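Let me begin by presenting the structure, written as structure tokens, before commenting on it.
Being a predicted model, the structure only gives us computed values, none of them experimental. Values reported hereafter were calculated over all heavy atoms of this structure, with side chains retained and with hydrogens, waters and symmetry mates removed.
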Amino acid sequence: MTREIFTALVQEAIDTIPAEFARAIHNVAIIVEDRPSPELLAEMAMEDDESLLGLYQGIPLTQRQSGYGNALPDRISLYQLEIEEDCDGDEDEIVGAIGETLIHELGHYFGMDEDQIMEIEERYWRGDASAPDPKP
């Protein structure tokens with residue numbers, strides 16, 4: 001799949017995430033890369049049979065101090081080839097996987113714990129577009 005087609009699917013997936021998330025996102029860049037680097041996988045202690053579909057890099061909103069400002073955007077990396085392989089190239093599944101990955105990584109941006117993120121992911125898969133208020 002070309003990067004252009006994948007990027008269009010990313011946009012489609014963004015439209016499926018809870019509106020509360022979309023409205024509360026500020027200064028976050030969503031980047032598409034082929035795969036995570038071997039160094040990153042080693043740093044994260046990923047096993048050979050595990051896939052990393054996305055990664056949030058930045059300072060979660062809940063950890064920012066009053067002097068935080070004039071910072072580069074936080075970053076969410078989406079790993080195209082990992083997502084495609086995980087979904088066997090099925091475009092509908094790819095949109096769903098991108099949406100879930102974005103929800104997960106945005107949960108880290110908002111400073112949510114894994115249980116809160118999993119609850120929102122479950123709602124996403126049930127088709128429930130609502131989400132708890134992400135503001136800290």
Distance from [X] atom [atom1] to [Y] atom [atom2], nearest 0.5 Å?
X    : Y    : atom1 : atom2 : answer
S77  : R35  : OG    : CZ    : 15.0 Å
Y79  : D86  : OH    : CG    : 15.0 Å
D113 : M118 : CG    : CE    : 10.5 Å
Q57  : L72  : CD    : CG    : 12.0 Å
Q11  : F6   : CD    : CZ    : 12.5 Å
I25  : F110 : CD1   : CZ    : 5.0 Å

pair [X]-[Y]: side-chain heavy atoms closer than 4.5 Å:
X   : Y    : result
D88 : E93  : no
T62 : M112 : no
E82 : D34  : no
H26 : Y109 : yes
N27 : D74  : no
I31 : E33  : yes

Donor-acceptor pairs are to be reported for all side-chain atoms of residues 97-106 against protein atoms at under 3.5 Å, with residues two or more places apart or in another chain.
{"from": "E100", "atom 1": "OE1", "to": "W125", "atom 2": "NE1", "distance (Å)": "2.9"}
{"from": "E100", "atom 1": "OE2", "to": "W125", "atom 2": "NE1", "distance (Å)": "3.4"}
{"from": "T101", "atom 1": "OG1", "to": "A97", "atom 2": "O", "distance (Å)": "2.7"}
{"from": "H104", "atom 1": "ND1", "to": "E121", "atom 2": "OE2", "distance (Å)": "2.8"}
{"from": "H104", "atom 1": "NE2", "to": "H108", "atom 2": "NE2", "distance (Å)": "3.1"}
{"from": "E105", "atom 1": "OE1", "to": "Y56", "atom 2": "N", "distance (Å)": "3.0"}

How close do [X] and [Y] get, heavy atom to heavy atom, and via which atoms?
X   : Y   : value
T16 : A13 : OG1-O, 2.6 Å
I94 : E84 : CD1-CG, 4.1 Å
L41 : P36 : CD2-CG, 3.7 Å

Connected via hydrophobic side-chain network under 4.5 Å: [X] and [Y]:
X   : Y    : answer
I14 : V32  : yes
M44 : L53  : no
I17 : I117 : yes
L81 : V95  : no
L55 : I120 : no

How about CD on Q65, more than 12 heavy atoms from neighbouring residues, nucleotides or ligands closer than 6.0 Å, or not?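 Counting other residues, nucleotides and ligands, CD of Q65 stays at 12 neighbours or fewer.
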Around E4, counting heavy atoms of other residues, nucleotides and ligands shown, do more than 12 lie under 6.0 Å from its CD?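 Count not over threshold, so no.
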List the steps, then state whether side-chain contact (heavy atoms from CB on, under 4.5 Å) holds for L9 with E91. CA-CA 8 Å; L9 296 178; E91 286 190 11; 4.0 Å; yes
Using side-chain contact (heavy atoms from CB on, under 4.5 Å), reason through E12 and D15 one step at a time and then give a plain yes or no. CA-CA 5 Å; E12 188 176 328; D15 293 340; 5.6 Å; no
